[in-house]
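Below is one structure, written out as structure tokens; the observations come after it.
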Amino acid sequence: MLIRYFAWVRERIGLSEERLALPETVKTAGDLVRWLSERGEAYAFAFEAPETIRVAVDQLHIEQDEPLGNAREIALFPPMTGG
């Protein structure tokens with residue numbers, strides 16, 4: 001699955017995207033954020049406040065308790081601000 005990182009999430013991890021095989025235990029967006037946070041220091045730093053992370057599945061915003069389904073692409077980013 002293609003995982004894309006944006007803004008300070010990307011900066012903290014040091015990657016803009018990566019392809020990952022997700023374990024069967026990762027069923028929701030929140031599961032994904034928790035699983036990623038356990039992949040090392042940079043990921044733990046990027047996801048230290050998981051409730052702030054926004055998720056888009058195949059370019060549609062979802063809540064963290066929603067299932068990932070058969071997603072092809074998941075984007076993870078901090079809250080957006082207007083201006």
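When reading the values below, keep in mind they use all heavy atoms of this one structure, side chains included, and skip hydrogens, waters and symmetry mates.
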Quick one: side chain to side chain donor-acceptor pair (under 3.5 Å) pairs with a partner in residues 68-78, sequence neighbours left out?
R4-E73

Minimum heavy-atom separation for [X] and [Y], please, with both atom names.
{"X": "E63", "Y": "A29", "answer": "O-CB, 3.9 Å"}
{"X": "P67", "Y": "I62", "answer": "O-CD1, 4.2 Å"}
{"X": "M1", "Y": "A71", "answer": "CE-O, 3.3 Å"}

Give me each pair satisfying ring-ring contact (aromatic ring centres under 6.0 Å, His included) with a member in residues 6-42, each pair once, sequence neighbours excluded.
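Listed by first then second residue: nothing to list.
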
In residues 19-28, what donor-acceptor pairs under 3.5 Å come from side-chain atoms, sequence neighbours left out?
from, atom 1, to, atom 2, distance (Å)
K27, NZ, E24, O, 3.1
T28, OG1, G30, N, 3.4
T28, OG1, D31, N, 3.1
T28, OG1, D31, OD1, 3.4
T28, OG1, D31, OD2, 3.3

side-chain contact (heavy atoms from CB on, under 4.5 Å) for L36 and L76? Distances and angles first, verdict last.
CA-CA 11 Å; L36 287 169; L76 300 166; 3.4 Å; yes

Tabulate below the donor-acceptor pairs under 3.5 Å that side-chain atoms of residues 47-56 make, not counting sequence neighbours, or state none.
from, atom 1, to, atom 2, distance (Å)
T52, OG1, A49, O, 2.7
R54, NH1, E51, O, 3.2
R54, NH1, T52, O, 3.4

Taking only residues two or more places apart in sequence or in another chain, which ones pass ring-ring contact (aromatic ring centres under 6.0 Å, His included) with F77?
H61

Rounded distance [0.5 Å steps], OG in S37 versus CG in L32
9.5 Å

Mind checking side chain to side chain donor-acceptor pair (under 3.5 Å) for Y5 and listing every partner two or more places apart, or none if nothing turns up?
E18

